[in-house]
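In listed order, ligands and their atoms are each counted from 1.
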Amino acid sequence: MPDPVRLQAPAKINLHLRVFPVGADGFHPLRSWFRTVALFDELNFRLGKELDGSDSLDLIETALAIVEEGADVRLACSDPELATDDSNLALRAAYAYLKRGSIPLDISLDKHMPAGGGLGGGSSDAAAVLVGLDRLFGCRLPFAELAAMAVRLGSDVPFFLHHQIDGITDATCTGRGEIVQPFEPARRHVVLLILPGLHVSTPAVYRQFDAMPPPPDDGAPDFQGWSPLPALELLPLLRNDLEPPAFSLHPDLGRLRADLEQRLGRIVRMTGSGSTLFTLFDDRTDAEAAASGLNRHNVRTLIA
Ligand code: C5P
């Protein structure tokens with residue numbers, strides 16, 4: 001303690017997302033299959049630059065002083081479009097963990113995930129901040145305390161916290177998303193992500209969901225039971241209740257999905273509240289061939 005800490009924050013997709021009528025707390029109960037995908041932001045944590053080269057006793061004293069007196073967290077982000085003030089969930093996560101004070105602490109955030117894309121980028125960064133700071137300070141806090149901070153930061157943050165702590169990749173998430181039941185999937189499909197470059201507002205999509213007829217119920221599928229299925233058998237079972245409201249707010253996104261399904265000859269789904277779309281393959285070579293076909297039509301893709 002306390003060496004610099006480096007963490008990768010993965011993206012997620014919602015393979016399946018059922019949404020139920022809004023509750024009294026303003027949130028919608030949901031039931032979703034979350035899976036991390038290999039697209040990462042990278043975060044580095046270290047005590048203030050002024051301390052570089054000083055002996056480890058000073059560093060330990062500084063760490064203790066930060067815990068007592070609070071830190072001045074300086075967030076640097078590779079994406080100039082992203083604010084580095086309190087509107088950034090990563091900074092809010094730092095101050096959920098630490099008091100505000102004057103001792104410098106640096107977090108650098110290398111962004112690779114698009115914001116507002118339904119990939120959980122902000123939530124994943126926030127979970128990585130909670131775990132990164134906890135490691136920097138010698139793993140002080142019990143999981144339950146980190147989990148309580150996570151849910152206050154956002155509904156998807158607890159899933160990413162589980163990933164950071166236990167390395168889990170798949171979970172059934174219920175409640176407002178914060179009740180996480182991890183499971184071991186029998187198969188990891190190759191995911192082709194399609195990034196339309198459109199920022200979709202999550203609250204706006206949920207409001208539109210409220211204005212539309214409730215989707216039909218299909219019980220509570222056993223996601224772990226589905227997980228061995230090959231891509232072409234799994235895709236028709238998948239569903240996202242936020243697609244109709246997102247496509248009604250952004251008709252171009254709905255048209256793009258229909259166009260992609262025709263071009264690819266397979267089902268394409270949206271993740272979260274959008275705008276990222278995805279489909280699944282069993283074989284990486286097939287995914288790469290599909291991606292290069294789409295890239296020729298100026299559609300941005302990633303294989304994860
Ligand atoms: O929890 P999070 O900050 O990610 O939620 C963003 C917004 O999405 C909420 O303010 C709410 O409008 C909506 N939301 C919801 N039901 C959920 C999760 C999010 O209505 N289960």
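Ring orientation note: the planes of Phe143 and His162 are nearly perpendicular, at an angle over 60° on the 30°/60° scale. Note: Trp33 and Phe183 have tilted aromatic rings, judged against thresholds of 30 and 60 degrees for the angle between ring planes.
Applying the 4.0 Å criterion to heavy atoms of Leu30 picks out, from ligand 1, the atoms 21 (N). Of all atoms in ligand 1, listed by their number and element, those nearer than 4.0 Å to a heavy atom of His28 are 15 (C), 16 (N), 17 (C), 20 (O), 21 (N). When each atom of ligand 1 is checked for a heavy atom of Gly26 under 4.0 Å away, the hits are 20 (O). Atoms of ligand 1 lying under 4.0 Å from any heavy atom of Ser155, numbered from 1 in the order shown and given with element: 1 (O), 2 (P), 4 (O), 18 (C).
No donor-acceptor contact under 3.5 angstrom links the side chains of Thr271 and Asn240, judged on distance only.
Exactly one residue among Thr279, Val268, Leu192 makes a side-chain contact (heavy atoms from CB on, under 4.5 Å) with Leu260. That residue is Val268.
Summary of contacts: the protein heavy atom closest to atom 7 (C) of ligand 1 is Pro203 CG, 4.0 Å. Scanning all protein heavy atoms for the shortest distance to atom 3 (O) of ligand 1 gives Gly154 CA, 4.1 Å. If you check which protein heavy atom lies closest to atom 9 (C) of ligand 1, you get Phe27 CE2, 3.7 Å. Closest to atom 19 (C) of ligand 1, if we only count protein heavy atoms, is Tyr206 CE1, 3.5 Å.
An N or O contact shorter than 3.5 Å is missing between Thr202 and ligand 1 by distance. By the 3.5 Å distance cut-off applied to N or O atoms, Asp156 is not counted among the residues near ligand 1.
For the pair Glu81 and Lys111, the salt-bridge criterion is not met [side-chain N within less than 4.0 Å of a carboxylate O]. Under a 4.0 Å N-O distance rule, the pair Asp259/Arg263 qualifies as a salt bridge.
The number of heavy atoms from other shown groups lying within 6.0 Å of CD (Glu68) does not exceed 12.
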